[in-house]
Amino acid sequence: MADQKGTKRSSVESDAQGSKRIKTDDKYNPYLAHLNMDGANDGFKSPLDEMERHTTTALEAAKAEDSDVNPWTGKPHSENYFKILKTRRDLPVSKQRAEFLELYHKTQILVFVGETGSGKTTQIPQYVLYDELPHQTGKLIACTQPRRVAAMSVAQRVANELDVELGQEVGYSIRFENRTGPKTLLKYMTDGQLLRESMHDPNMSRYSCIILDEAHERTLATDILMALLKEIAQRRSDLKIIVMSATLDAQKFQSYFSLGKEDPPAPLLAVPGRTHPVEIFYTPEPERDYVEAAVRTVLQIHAVEPEGDILLFLTGEEEIEDACRRISLEVDDMVRESDAGPLAIYPLYGTLPPHQQQKIFDKAPEPFRKGGRPGRKCIVATNIAETSLTIDGIVYVVDPGFSKQKIYNPRSRVESLLVSPISKASAQQRAGRAGRTRPGKCFRLYTEKAFKKELIEQTYPEILRSNLSNTILELKKLGVEDLVHFDFMDPPAPETMMRALEELNYLACLDDDGGLTKLGSLASEFPLDPALAVMLISSPEFYCSNEILSITSLLSVPQIWIRPNNNRKRADEMKAQFAHPDGDHLTLLNAYHAYKGAEQSGEDVKKWCHEHFLSYRHLSSADNVRAQLKRIMETHEIELVSTPFNNKEYYTNIRRALLAGFFMQVAMKESSNSKIYKTVKDDQMVMIHPSTVVSSPYDWVVYNEFVLTTKQYIRTVTNIRPEWLLEIAPVYYDIDTFEKGEIKSALTRLTEKVKRRQAMKGGY
DNA sequence: GAGCACTGC
């Protein structure tokens with residue numbers, strides 16, 4: 001029996017002395033090689049066999065690529081392969097392959113800058129593949145992406161380019177889906193996924209090269225990964241790191257990845273993009289009403305500019321729907337009065353169901369009559385069109401200069417969305433959307449002076465705008481002891497860190513010295529916010545872990561309730577069917593149980609959801625989350641139990657269990673005849689969100705989130721009894737820690753009452 | 001009596 005491709009099925013590892021030894025993996029036992037053959041070309045000599053790791057030249061690699069037989073599989077290359085190869089060689093990045101390899105051989109950490117259209121995301125990992133020769137070492141190449149769709153689609157593309165089956169030599173790994181296998185050499189994945197993996201493999205020992213793509217987006221996960229990789233690089237000289245980014249921030253990345261303070265910055269390689277020029281226009285004066293100005297601009301473009309589609313950026317659903325209505329009305333007039341061409345208008349935002357999002361890819365409408373004025377489409381979008389979705393054919397971009405951004409106030413511990421001016425980098429990204437297919441124009445609805453003087457260079461990285469309790473827990477799990485000196489590219493505000501540490505301490509995930517507790521370690525295993533994880537872990541003590549598991553899943557997905565503007569009353573009636581008088585958490589659970597019931601009785605669940613004004617998409621995604629969380633619970637032997645449904649404690653137990661995680665999110669009614677509540681300890685005045693089902697006026701409620709809009713609301717609330725607080729979270733509800741006020745007096749009265757009752761019962 | 005920028009585990 002032929003040992004397939006010689007050493008290909010074994011792995012070479014460098015040991016401490018640097019000498020090489022051959023290790024045979026059980027899976028690739030040569031005696032079982034026939035099981036792995038799948039039509040491979042026996043006796044085939046791969047051009048890779050003659051190549052030595054970390055010495056590959058562009059010429060050698062190209063030669064291997066040109067071979068009739070696929071060097072990675074031993075199968076003949078398809079016709080299509082050579083067709084794609086030709087287009088790959090035309091990409092801007094291809095001209096710099098030699099330069100890239102030389103630099104790659106010389107350095108451990110490399111910053112790579114490439115504009116859109118340079119081909120970096122698909123090509124660089126393949127250049128690395130031909131140099132790392134992962135089949136020799138058994139170590140993979142990883143390339144991270146901020147978004148799942150990108151990880152999936154790029155992996156598919158690269159699998160095609162390498163003429164292999166997706167999931168074999170090239171695969172991807174995202175939450176809920178791992179399409180990689182024992183043969184996988186190159187793996188695309190989300191940044192969050194790599195971060196999760198690293199929690200069980202702090203040296204990232206499975207990889208020989210890690211490529212962080214789209215690093216300029218500065219997602220929370222990418223920022224943490226950069227800091228971790230910087231540390232790991234010092235322990236593991238065999239690990240190579242490539243940080244890929246758009247141009248603007250290159251220097252910042254270079255100096256961050258310089259190894260010591262005295263060391264030179266990490267080397268940089270820049271590749272031009274392939275886009276068309278975009279002409280920028282500013283308004284001479286600032287605009288007072290940017291929606292109005294945007295609508296006018298779109299109409300103006302439609303009236304006078306040559307053929308080409310329009311993309312307008314606005315901040316949110318309401319604004320977008322409003323603008324679409326206004327444009328549509330005005331265009332009708334234009335068509336009637338001045339013989340304008342047809343204009344198809346599409347709204348685009350994240351919460352739009354996928355089939356409606358798809359519509360933006362429809363062709364622009366045909367002229368009304370042959371030879372008439374051309375038709376075009378106009379897409380009115382949120383930031384989703386800035387990075388996540390690319391629409392070809394856009395020639396005109398209208399940019400009012402605003403977007404909704406998450407901000408975090410550590411003092412009040414509230415995350416909220418605020419309409420804010422965008423950064424210069426965002427403005428450039430938006431303008432670039434006009435030049436994907438041919439030269440375009442971008443109309444900025446602000447002055448050139450405002451662009452130069454008022455816009456910040458970069459949007460603040462997410463790490464500076466978020467609650468970090470989750471992140472801090474992850475870092476503790478990763479063994480980072482000293483968070484103060486942890487080398488963040490942009491260190492978060494000390495107060496944000498303090499708040500996170502404090503919250504984790506109250507949740508008993510960290511002890512008083514900041515050390516990770518057993519509970520904290522367990523909580524970090526769950527892809528959940530710490531409060532949710534602690535609630536879930538504690539739930540067996542309340543005999544309702546099945547139910548809390550469902551509620552946790554439902555709280556981890558977007559709202560399942562659908563309330564169309566033209567059918568609110570009917571939607572509210574349907575929701576009332578699921579309403580539980582004790583609160584919204586229980587109502588969610590009722591809806592979920594009804595959904596599972598419908599599913600089990602063999603109904604058409606999509607139809608059932610539609611009739612009940614429930615989101616099928618979000619309910620089934622809650623089901624997915626539930627399955628994942630359940631697996632984690634089983635792994636760690638957290639019991640799945642329920643109180644019998646006919647037991648009168650069924651709902652009480654659930655309400656009590658909520659407090660095990662959310663005892664810090666409790667509010668008390670200010671006075672008996674009021675709608676105003678006050679949050680415990682923070683003393684913030686809040687109102688219960690009008691979407692609630694609770695009708696009877698409770699004195700004490702637990703809430704899932706704090707929403708800051710026109711007023712301060714608490715959303716998803718459930719009635720609780722204050723005695724439970726003293727019992728379930730005695731440390732937090734130690735009366736001495738409360739400021740003088742109504743809540744303190746209420747708790748004091750309560751404590752005395754409880755003591756009296758215990759004295760009577762206990763008899764001392 | 002109101003809303004949900006966008007991602008990710």
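Only a predicted model underlies this, so the values are computations on that prediction, with no experimental measurement involved. Each chain gets a letter, A, B and so on, in the order the sequences are listed, and its residues count up from 1.
- Partners of His216(A) under the ring-ring contact (aromatic ring centres under 6.0 Å, His included) rule, at least two apart in sequence or in another chain, do not exist in this structure.
- Annotation: side chain to side chain donor-acceptor pair (under 3.5 Å) contacts of Arg413(A) (sequence neighbours excluded): Asp682(A).
- Looking at residues two or more places apart in sequence or on another chain, you find a side chain to side chain donor-acceptor pair (under 3.5 Å) between Arg430(A) and Asn383(A), Glu386(A), Asp399(A).
- Residues passing the side chain to side chain donor-acceptor pair (under 3.5 Å) test with Arg465(A): none are found, sequence neighbours excluded.
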Please encode protein proximity along nucleotides 2-9 of chain B as a string of B, S and -, counting only heavy-atom distances under 4.0 Å. BBBBSSSB
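- Residues meeting the side chain to side chain donor-acceptor pair (under 3.5 Å) test with Tyr595(A), sequence neighbours left out: none.
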